[in-house]
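We use all heavy atoms of the structure for the numbers below, so side chains are in, but hydrogens, waters and symmetry mates are not. Below, chains carry the letters A, B, ... as their sequence lines are ordered, and counting in each starts from 1.
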Number of protein chains: 2
Amino acid sequence: MEAMGEPKSQERYEDELRSAGMRITRPRKTILKILAEGEGHPDAMTIFHRASEIDASVSLSTVYRTMKVLEDRGAIQRHVFEGGPSRFEPAGGRHHDHLIDTETGEVIEFRSDKIEALQEEIARSRGYEIVSHRLELYVRKIRGRKR
Amino acid sequence: MEAMGEPKSQERYEDELRSAGMRITRPRKTILKILAEGEGHPDAMTIFHRASEIDASVSLSTVYRTMKVLEDRGAIQRHVFEGGPSRFEPAGGRHHDHLIDTETGEVIEFRSDKIEALQEEIARSRGYEIVSHRLELYVRKIRGRKR
DNA sequence: CTCACTGCAAACTCTTTGCATGGTT
DNA sequence: AACCATGCAAAGAGTTTGCAGTGAG
């Protein structure tokens with residue numbers, strides 16, 4: 001219930017890359033392991049730090065390059081939330097949008113078929129078709145009165 | 001019907017700044033004039049170029065600084081669409097979201113109370129209140145079959 | 001006459017890229 | 001052995017900022 005973009009296993013990622021004719025190198029293994037852990041929606045620097053703990057020789061460039069490759073392969077998705085760096089999440093789950101807790105930076109996924117339908121309607125009524133869309137709710141936890 | 005963030009007149013902008021104790025300088029006058037023209041959703045570089053034609057001495061820094069001041073005053077809004085630089089629009093009209101034509105970069109404003117309501121519902125059901133939100137539809141013109 | 005504002009250049013953040021070396025297949 | 005991928009450092013894009021000079025009030 002937490003993750004709609006359910007994290008692929010590391011093996012799954014590796015197969016995906018291998019079958020695309022890419023080499024499974026040590027740095028990539030490390031990075032894929034981190035993605036497979038599925039801890040939130042990390043940015044490149046976070047991935048880099050986590051990777052460094054496993055293998056101190058992994059470079060930030062490689063993190064960026066690997067993310068780009070995975071993105072091009074459609075294995076991950078990149079999100080740029082307000083004012084921040086790109087954050088990544090495993091792709092392949094159902095499409096969803098995001099709530100971003102403005103106090104903690106935590107990201108919560110949600111999905112609304114009603115909203116999706118309304119968007120379609122809006123675009124179509126203006127003579128357009130939707131190529132992609134982005135819906136982000138920047139939120140704050142309600143405290144005090146319960147409910 | 002094109003602009004929901006109806007462009008304030010230049011005088012309106014100036015008054016707004018003056019009453020906030022700010023000095024109306026030559027560069028600011030020039031920049032405000034451009035904003036008042038309300039031509040689309042320009043980015044800083046575009047504003048800079050347009051300003052340069054009127055007064056070649058205006059600097060890009062001043063454009064950025066002025067935009068920031070106006071943004072802090074709530075006189076304009078900043079939008080960062082996918083992969084692009086910040087783009088600005090006069091604020092004060094009703095809230096609205098954006099359709100971005102992926103082929104031309106043109107921005108079309110729209111508004112959906114239904115979607116707004118659904119967003120509220122989604123946030124609330126998860127224990128959050130919305131601080132701000134962003135809804136962008138990246139679209140392509142439908143051609144061929146009419147309708 | 002003051003002090004906010006300016007232009008300029010330098011700094012900054014995030015990301016990409018050129019190059020020579022190194023590791024997979 | 002071939003050549004893709006790597007690390008490093010440098011380059012980019014967009015934006016912000018330090019500084020000394022300038023001009024609005």
Side-chain angles (χ1 to χ4, degrees), chain A residues 13-35 41-49 51-52 54-73 75-88 105, chain B residues 10-11 13-34 41-49 51-73 75-88 105:
Chain A
Y13 272 121
E14 293 189 10
D15 290 347
E16 197 159 315
L17 291 190
R18 221 185 311 263
S19 69
M22 313 205 58
R23 293 176 180 175
I24 308 302
T25 62
R26 211 150 109 61
R28 280 184 183 162
K29 262 199 166 76
T30 307
I31 293 168
L32 295 182
K33 177 178 301 185
I34 289 161
L35 290 180
H41 295 63
D43 59 26
M45 195 50 88
T46 301
I47 295 171
F48 172 61
H49 283 137
S52 298
I54 301 175
D55 174 0
S57 74
V58 175
S59 77
L60 183 55
S61 316
T62 295
V63 172
Y64 275 112
R65 271 191 279 235
T66 302
M67 299 324 275
K68 170 156 284 186
V69 168
L70 291 173
E71 191 186 5
D72 292 347
R73 291 275 176 288
I76 61 170
Q77 259 191 275
R78 173 190 303 249
H79 302 291
V80 184
F81 300 130
E82 306 243 275
S86 295
R87 297 175 66 171
F88 306 92
Chain B
Q10 184 177 354
E11 291 69 38
Y13 272 122
E14 293 190 10
D15 290 348
E16 197 161 313
L17 292 190
R18 222 185 311 263
S19 69
M22 312 204 58
R23 293 177 179 174
I24 308 303
T25 62
R26 212 150 107 62
R28 280 185 183 162
K29 264 200 164 75
T30 306
I31 293 168
L32 295 182
K33 176 178 301 184
I34 289 162
H41 295 63
D43 59 27
M45 196 51 90
T46 301
I47 295 171
F48 171 62
H49 283 136
S52 298
E53 284 173 21
I54 302 175
D55 174 0
S57 74
V58 176
S59 77
L60 183 56
S61 316
T62 295
V63 171
Y64 275 112
R65 272 191 280 236
T66 302
M67 299 323 276
K68 169 156 285 188
V69 169
L70 292 173
E71 191 186 5
D72 292 347
R73 291 274 177 288
I76 60 170
Q77 259 191 275
R78 172 190 305 247
H79 302 291
V80 184
F81 300 129
E82 305 245 273
S86 296
R87 297 175 64 170
F88 306 92

Exercise. Would you indicate whether the side-chain heavy atoms of T66(B) and V69(B) approach each other to under 4.5 Å?
Key: no
Quiz prompt | Test item: Y13(B) and L17(B) side chains (from C-beta on) under 4.5 Å apart, heavy atoms | solution = no
Self-check item: Outermost DNA chain D nucleotides near chain B [under 4.0 Å, heavy atoms]
Solution: dG14(D) to dG25(D)
Quiz item: Any side-chain heavy-atom pair from H41(A) and F88(A) closer than 4.5 angstrom?
Solution: no
Quiz item: So among I31(B), D55(B), T62(B), which one has a side chain to side chain contact (heavy atoms under 4.5 Å, CB included) with R26(B)?
Solution: D55(B)
Quiz item: Measuring from S59(B):OG to F48(B):CZ, what's the distance to the nearest 0.5 Å?
Solution: 7.0 Å
Quiz prompt | Whole angstrom value for the distance that separates P of dT13(C) from CZ of F48(A) | solution = 16 Å
Quiz item: Would you say the side chain of I54(A) lies within less than 4.5 Å of the side chain of I34(A), judging by non-hydrogen atoms?
Solution: yes
Quiz item: Should I76(A) and L35(A) count as side-chain neighbours, where that means a heavy-atom distance under 4.5 Å?
Solution: yes
Quiz item: Can you find a heavy atom in the side chain of R28(B) that is under 4.5 Å from one in the side chain of E14(B)?
Solution: no
Quiz item: In B/S/- notation, 5' to 3', how is nucleotides 15-25 of chain C contacted by protein heavy atoms closer than 4.0 Å?
Solution: BBBB----BBS
Exercise. Write down the distance between CG (L17(B)) and P (dA4(C)), rounded to a whole number of angstrom.
Key: 16 Å
